[in-house]
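Worksheet: one structure, shown below.
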Amino acid sequence: MRHEVTMPQLGMAQDSGKVVAWMKSIGDSVDADDTLMEVETDKATMEVPAGRSGVLAEILADAGSEVPVGDLIAVISDEIGAESGAPKPAPDKPAPPKTAKFEEAIRASKEPEPAPENGLAVESPRVAPIIRKGGAALGRVLASPKAKRLAAEAGIDLRSLLRRGVSEPLLAADVESAAVAPASAPSALGAVAASDAFDELTEFLRDSGSGLSADLAWASFVSGALRATGLRKGEIAVSYRSVSAAGEEFVCRDADLAKLATLSPEGDEPADIYITNLTESRFSSFLSGQGGLPHLVVASPNQGFFSLSVQFSEQDLPLSSASAFLEELMKRVEHPVRHLL
Amino acid sequence: MREITLSQAVNEAISEEMRRDPTIVVMGEDVAEAGTPFKILSGLVEEFGSDRVVDTPISEPGFTGIAVGAAMTGLRPIVDLMFGDFLFLIMDQLCNQAAKTHYMSGGKLKVPMVVRTNMGATRRSAAQHSQSLHALVAHIPGLKVAMPATAYEAKGLLKTAIRDENPVVIFEDKLSYQEKAQVPEEEYLLPLGVASVRREGRDVTLVGTSSMIHVALDAAKLLEAEGISAEVIDPRTIVPLDEETILASARKTSRAIVIDEGHRNYGVTAEIAARIAEKAFYWLDAPVQRFGAMDVPVPFSPALEDLTVPTPEAVAEGARRAMRGELIHAA
Amino acid sequence: MKTKLQHNADAYMRMYRQMLRIRVFEENAHQLYLSAKMPGLTHLYIGQEAVAVGICEALEVSDRITSTHRGHGHCVAKGADFKRMFCELLGKAEGFCRGKGGSMHIADQKNGNLGANAIVGGSAGIATGAAFSAKRLGKGGVAVCFFGDGALGQGLLYECMNIAALWKLPVIYACENNYYGEYTHVSEMASGDLLARAEAFGIETRTVDGQNVLEVNEAAEGFVARARAGQGPFFLLLDTYRFHGHHVGDISREYYRSKEEEERWKSERDPISNFGKWMKREKIASGKELVKVEGEVRREAEDAVEFALAASYPGKEEVAMHVFAEAA
């Protein structure tokens, strides 16, 4: 690695500085705090530290020469024998004044973005938005400093509070109640649905070359079922993972509305529902053990059928709602094309 | 206990100290027979004579500079700066001379002087007679800054300031001059740098300087009715600042609101809020909120002027929002 | 029977020595600065020595002065020790201000020097306040406020002169007119008559030749005695000249004053050599005696510089000390 050393600006109205002396020679190892050189400006002579540790690889301004502020004067490299740098400038060629550099920089900053070559505006493909409310947008949980400290002390994962439906920002009181009230064991409701139509869709998507997959279809159907049941209003975020070689994992928002949208996989943000897809594996069931938000587990233990199991907390979701959701989901899985188009 | 006005408390403090120490002199515009436009110093010239209660020309930099020189050479002047707004006139003498002399002389010279001035809006005095400029001087190392909220503090802090070996600027709230408070008959001093916990509470800390302590106390009453328990702290002096008392309270309640009548930008509220954020961060359950004078020159019209100062209602609402966790984007 | 001159010979020798001490001190300060051993800025008093010495020789140790950014001369004239002065200039712990003031804030409280002031005209209040104290405490003290012609543009001075006149304070405003405020001639900065400024307040004024230490001293003696008697304040206008630039780095200065002008002042109006010649002429001192004095002064300065260069810087713990004074 090469580190460029430039003529420092040491005074208020200083355009250039004179290298009085080099305190190190080429090949010397230097410490960041070592004085590398003495520089003279209109005010005084100053000792300039190297600022980097390494080996002084090149000196590009001889002692006694006047160099514009910001110009390369030396190179410090991480190790001996590192690649050589710019050729030494001819001593009689004056370097451009500093102002020119500023002007260049100003010009560059003003240059407009190049227009598309064909002159047409390129419409960016619609991407299913994956930004969520609150701190999730930054990939973190919004909690007060005190809540964070208390959670750390009690060994509580703040995300588990979000999964239980506690709204951000998490406050100290939320953590305190979580610490005293253990999450209730989840309930589970299962069903079996015919998979032939869905399998055809999967095959079609795979062959279409569109980049779309069954993974998105699951996210879309679950979103749609939640919306149709009226269990969630506004934006609906689904956290999806597939237990398979590909191990697809993402969070997406309003996948049902995005229809055949392109997905960008994203991290583990809090969601309204979790999906674990076992259909690409040999597993047939999974119990998450997490309370709070509903969790759908999909498997295909027998050819031609999906087993659908929704795990939920009866405190948050009555059995009647869970069953309504499963009904809606089965409709979509068994008649996928109708719901996608 | 007897009750006296803030104005009487100031007068008593100066009289008692002048009786005790003959090197104390009072100087300023119309301090002698007129007793100042606020009639705070009435009677002093009769007791101590015009050699010690000295009327000056209208020359704030001049008489402040003279006080600095007098303080360096054996007197203990109390400068009366009629309005806090005139601080801008004396900044060089106060900040370049008085504040730095002890330090620049390596501790050889001292400037034991007091500048008494005032602050506070809503007296319909418009932009050049209504400012609260204590943050200006609090920024300068070497100056102490006291902000008495009631007659009790006004007397105790002023007596201490007069005995201090450093320049001390005291800001009295000009709307409080006729406010009464309990003040002991017997002599007492209040130390600089010791805050007063005016009310104990559990849920939110309200730090209020000078007359803003009344805003804080009124807000606490509003909150009490809703089951929110506010602790109210009067720092009494902002230099030195009793950081420990404020931090201990913020750690206890997990929420803090700072109220000061100076402009909100770059002011005392920012300083205190920053210290809480720096030193009590992991105890906080809500962002620290600040209430100060609006960042506008003080308008004359009562309809406008009243909008520029913090109110108990606004502070109480801030406290409620902090309790409810509604300050993700705290204003 | 001794003549008056012989009677005063000791006083004249002392004035000569004090002027020389200022000159030699400043020459050494100049060298320290040029050789980058002295940090910051420095403003040399060379050329104006008769003003500081003529006035300070008229004062008691307990009388107060305030000084300017060009203040080494006042400090020496008021009795300061070289070693502690050089230490201050170099930022050393043994300096008068423990290295916290430096050249522009040097103060010597024991000798009544309330400090140099880097705000032009900034000490007018302090000097007037010292006079106010002196009057109030009734110990007969007098204060002298040294300032340059540049300070005539500052309003504070006029406020203070007005108050001093109203209150009849024992203060002498000593205006050292060296003709240039920084790089600008006094005629471009002060309109009207300089003395009339003070006279407008009813202050008695006098103009003296600031290159003539005896004339300065005689005027100062008169004003000091009368100020002590309660007849103050007074205003003394001293015609003088700084031989060097505004500060050490002010080398190319022909754009504001000519080399001929500088040469004329140096050759014809040097306060020290002229006073030396006068002493020889009047047989107060021989050439040999004057050379001896100079030798002593130079040795004193050399020793002090050596001492200061070897002295320690203040410890890091001192940076936060002296912001506030402790209770007495």
Side-chain angles (χ1 to χ4, degrees), chain B residues 22-25 27 50-52 54-77 89-90 92-93 95-113 140-144 160 163-168 192 239-240, chain C residues 64 66 88 93 95-102 104-110 112 114-119 122-137 139 141 143 145 155-164 166-167 169 171 314 318 321-328:
Chain B
T23 65
I24 297 169
V25 295
M27 48 203 298
S50 57
D51 283 348
R52 295 185 64 196
V54 190
D55 273 341
T56 65
I58 302 173
S59 307
E60 288 87 0
F63 66 72
T64 305
I66 289 170
V68 176
M72 287 164 70
T73 53
L75 295 183
R76 300 181 89 86
L89 291 164
I90 67 164
D92 181 64
Q93 295 307 307
C95 300
N96 266 333
Q97 312 296 344
K100 295 177 175 53
T101 292
H102 187 65
Y103 191 84
M104 289 196 306
S105 69
K108 302 288 190 305
L109 296 164
K110 288 191 291 192
V111 187
M113 68 184 276
I140 305 302
L143 299 176
K144 296 186 179 180
T160 308
R163 299 182 191 194
D164 200 278
E165 296 299 318
N166 298 281
V168 183
L192 308 182
V239 182
Chain C
R64 264 50 181 259
T66 63
E88 190 59 37
F96 276 115
C97 308
R98 301 203 61 75
K100 283 177 170 163
M104 291 199 287
H105 301 293
I106 198 159
D108 175 13
Q109 190 214 11
K110 279 196 180 133
L114 296 178
N117 209 301
I119 304 294
S123 72
I126 295 170
T128 310
F132 176 66
S133 276
K135 179 171 178 169
R136 172 83 205 92
L137 297 172
K139 290 180 190 160
C145 182
L156 180 72
L157 176 67
Y158 301 102
E159 294 188 12
C160 290
M161 288 201 295
N162 179 48
I163 294 173
L166 284 168
W167 297 355
L169 298 181
V171 55
E318 290 215 31
M321 280 167 62
H322 306 128
V323 176
F324 290 108
E326 301 298 323

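Naming: A, B, ... by sequence-line order, numbering from 1 per chain.
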query: Out of B:Val68, B:Thr64, B:Val54, which one racks up the most heavy-atom pairs below 4.5 Å with chain C?
result: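 It is B:Val54.
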
Check: [X] side chain, [Y] main-chain N or O, donor-acceptor pair, under 3.5 Å:
X: C:Glu88; Y: C:Gly101; result: yes
X: B:Thr23; Y: B:Leu75; result: no
X: B:Lys110; Y: B:Ala71; result: no

Counting heavy-atom pairs under 4.5 Å with chain B, which one of [options] comes out on top?
options: C:Arg64, C:His105, C:Lys100, C:Arg98; value: C:Lys100
options: C:Asn117, C:Thr66, C:Leu166; value: C:Asn117
options: C:Gly129, C:Ala134, C:Ser123; value: C:Gly129
options: C:Leu157, C:Leu137, C:Asp108; value: C:Leu137

Go through the atoms of [X] and report whether side chain, backbone, both or neither lie under 4.5 Å from a heavy atom of chain C.
X: B:Pro22; answer: backbone
X: B:Val239; answer: side chain
X: B:Val25; answer: side chain
X: B:Lys108; answer: both
X: B:Lys100; answer: neither
X: B:Leu143; answer: backbone

For [X], is it the side chain, the backbone, both, or neither that has a heavy atom closer than 4.5 Å to a heavy atom of chain B?
X: C:Asn162; answer: side chain
X: C:Leu114; answer: both
X: C:Phe96; answer: backbone
X: C:Met161; answer: neither
X: C:Ile106; answer: neither
X: C:Ala130; answer: both

Residues B:Arg76, B:Glu165: salt bridge by 4.0 Å N-O rule: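 Judged by the 4.0 Å cut-off on N to carboxylate O distance, B:Arg76 and B:Glu165 do form a salt bridge.
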
task: Over 60° means perpendicular and under 30° means parallel, so classify the ring planes of C:His322 and B:His102, tilted if in between.
output: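 B:His102 and C:His322: perpendicular rings.
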
